[in-house]
Amino acid sequence: MMARLRRKACIALFLFTLFIFGTMMGLRTLKPSDGFSDLAPGLELIPFAEQPEKRSASSEVISHPQGTVYTQDHTNVYNDLHIFYYMWYGNPKFDGNYIHWDHVMVPHWDPKISASYPKGRHSPPEDIGSSFYPELGPYSSKDPVVLEEHMRQLRAAAIGVLVLSWYPPGTADENGEAVEDLVPLILEAALKHNIKVAFHIQPYKGRDDRTLHDNIKYIIDNFGSHPAFYRYKTSTSKSLPLFYIYDSYLTPPESWANLLTLTGSHTIRNTPYDAVFIGLLVEEGHKHDILTGGYDGIYTYFASNGFSYGSSHQNWKSIKSFCDTNNLMFIPSVGPGYIDTSIRPWNNHNTRNRVNGKYFETALQAALTVRPEIVSITSFNEWHEGTQIEKAMPKKTATRLYLDYVPHQPDLYLVLTRKWAEHFNKEKEQWLM
């Protein structure tokens, strides 16, 4: 009897030892790319991008690369890191009602598909139009406390340029309200933290080369002299405003050429309103349209790898080569993930899991591989599409369980952004050498 028990104990011990040994060998062979093979093909994270410690970005040891802007508390921000920012949120305290947090659930264009998905609006504060829940709650973009906190988060992330989603005075997106009076407040809040503000001009009814000409004049006349207004130093040492033109492909390149080429019928070139214009690349053919239209560069915006030709990491080398050949700037757009099913319930196939920050780091590595001059991030606070790096908190209600950044802290993506910003600028010094 005792001999049998000893034999069983020996077998159990042997199996346990074998299990431990197998686990250790498995861990040794695990690559950073394991578990998210749907990300950029052929790219692996560099050793630099280890799992972040659970601490705030402001406690990081800061290096001081060239061309760095220093803030009052001596943390640095980088003007070659741009982030898309939205000022369309409202709540009852500041706006009389919720704006955007109560986003409508957009129906699918095919009525048969649409019929099987929920309809209606979200009902804040418990139910908002996002799969994540902001640490600040469903805030108002007019709240000065929120603006100050946003600038602190941007500075913690080392981001030097906020790219403001902009509609002409008196206009707004179909789910929002006009917010033109917010621009001076954002410029002032940014100035306190040495952050610059550029403009992301959204499509509106009737937008074309002539209305854009008016928009540029308006922005430069009203905000161009503000010390927080972003100007890009060109290779000829000009200091020019920089504008991102969202959905630029909606207007024919022949029309853009009237404004953006030297021989255009109402050219903006070599006038007081000259600027650097960056067009959106979605389909491959847009490369040639952007060039023909007289644009100065290309950006890709979308944070869903594989969603479009432009947003697919594997195409960035080819796009960069095209830009280099044609004297265009390539500004790849990276994001931490994508999920818009709270407002487009039928769009689950475009969801991109964050994988605890690995998706973001893979995108950043893909961007750095093509040696861009500027990298853009989608986004700081586009909560509807789940691309935000703003702090999010765990939240569960009677009807909703929100996604969050657990097991990491709410500032995970700010910490990662600062790490990569510093790495990007060290890499750029090597490229220049």
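Just so it is clear, the values below take in all heavy atoms, side chains as well, and ignore hydrogens, waters and symmetry mates. The residues of the chain are indexed from 1 along the displayed sequence.
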Can the positive tip of [X] be found less than 6.0 Å from the middle of the six-membered ring of [Y], inside 45° of the ring normal?
X      : Y      : answer
Lys119 : Tyr117 : no
Lys395 : Tyr133 : yes
Arg354 : Tyr413 : yes

Full working for side-chain hydrogen bond (donor to acceptor under 3.5 Å, both in side chains) between His100 and Asn175: CA-CA 6 Å; His100 262 271; Asn175 294 288; 5.3 Å; no
Exercise: do [X] and [Y] side chains pair donor with acceptor under 3.5 Å:
X      : Y      : value
Glu390 : Tyr139 : yes
Asn381 : His150 : no
Ser130 : Ser342 : no
Asn353 : Lys358 : no
Ser165 : Gln202 : yes
Tyr338 : Asp340 : yes
Ser140 : Asp95  : yes
Ser311 : Ser304 : no
Ser318 : Ser321 : no
Asp247 : Tyr249 : yes
Glu177 : Trp88  : no

Are any of the side-chain heavy atoms of [X] and [Y] separated by less than 4.5 Å?
X      : Y      : result
Met87  : Leu162 : no
Trp101 : Ser123 : no
His193 : Arg152 : yes
Ile389 : Ile159 : yes
Val146 : Ser141 : no
Phe322 : Phe330 : no

Test ring-ring contact (aromatic ring centres under 6.0 Å, His included) applied to Phe229 and Phe223, step by step: CA-CA 7 Å; Phe229 185 81; Phe223 312 120; 7.8 Å; no
Aromatic contact, His122 with His103 (centres under 6.0 Å): no
Tyr230 ring center within less than 6.0 Å of His82 ring center: yes
Tyr246, Phe199, Tyr299, Phe380 screened by ring-ring contact (aromatic ring centres under 6.0 Å, His included) with Phe84, the one that passes: Tyr299
Of Tyr85, Trp166, Tyr301, the residue whose pairing with His200 passes ring-ring contact (aromatic ring centres under 6.0 Å, His included): Tyr301
Lys428 with Glu373: basic N within carboxylate O range, under 4.0 Å: no
Charged N-O contact under 4.0 Å between Lys320 and Asp324: yes
Which atom pair, heavy atoms only, marks the closest approach of [X] to [Y]?
X      : Y      : result
Ala172 : Ala178 : CB-N, 3.6 Å
Ile128 : Phe132 : CD1-O, 3.6 Å
Val77  : Asn194 : CG2-O, 3.6 Å
Pro125 : Tyr98  : CB-OH, 3.5 Å
Thr271 : Thr267 : CG2-O, 3.7 Å
Leu281 : Ile319 : CD2-CD1, 3.4 Å

Check whether [X] reaches the backbone of [Y] with its side chain - one donor and one acceptor, N or O, closer than 3.5 Å.
X      : Y      : result
Tyr167 : Pro203 : no
Arg210 : Asp208 : no
Gln153 : Lys391 : yes
Asn315 : Gly310 : no
Trp346 : Val106 : yes
Arg155 : Ile195 : no
His286 : Glu283 : yes
Thr369 : Gln365 : yes
Glu382 : Glu385 : yes
Thr292 : His288 : yes

Within a reach of under 6.0 Å around [atom1] of [X], are more than 12 heavy atoms found that belong to other residues, nucleotides or ligands?
X      : atom1 : answer
Asn327 : CG    : no
Arg269 : CZ    : yes
Lys396 : NZ    : no

Gap between atom [atom2] of [Y] and atom [atom1] of [X] - 0.5 Å precision:
X      : Y      : atom1 : atom2 : answer
Thr351 : Ile339 : OG1   : CD1   : 4.5 Å
Asn258 : Thr251 : CG    : OG1   : 11.0 Å
Asp289 : Glu284 : CG    : CD    : 11.5 Å

Glu180 vs Tyr218, side-chain hydrogen bond (donor to acceptor under 3.5 Å, both in side chains): CA-CA, chis, key distance, verdict: CA-CA 12 Å; Glu180 176 60 17; Tyr218 173 86; 3.0 Å; yes
Among Thr171, Asp173, Asn215, side-chain hydrogen bond (donor to acceptor under 3.5 Å, both in side chains) partner for Tyr204: Asn215
Steps toward salt bridge (charged side-chain N to carboxylate O under 4.0 Å, His left out) verdict (Lys419, Glu361): CA-CA 10 Å; Lys419 279 187 174 183; Glu361 295 194 273; over 6 Å; no
Criterion salt bridge (charged side-chain N to carboxylate O under 4.0 Å, His left out) on Glu422 and Lys426, from CA distance to verdict: CA-CA 6 Å; Glu422 293 178 352; Lys426 285 173 185 168; 5.4 Å; no
Partners passing side chain to side chain contact (heavy atoms under 4.5 Å, CB included) against Ser239 (at least two apart in sequence or in another chain): Arg231
Geometric class of the Trp420/His423 ring pair [parallel <30°, tilted 30-60°, perpendicular >60°]: perpendicular
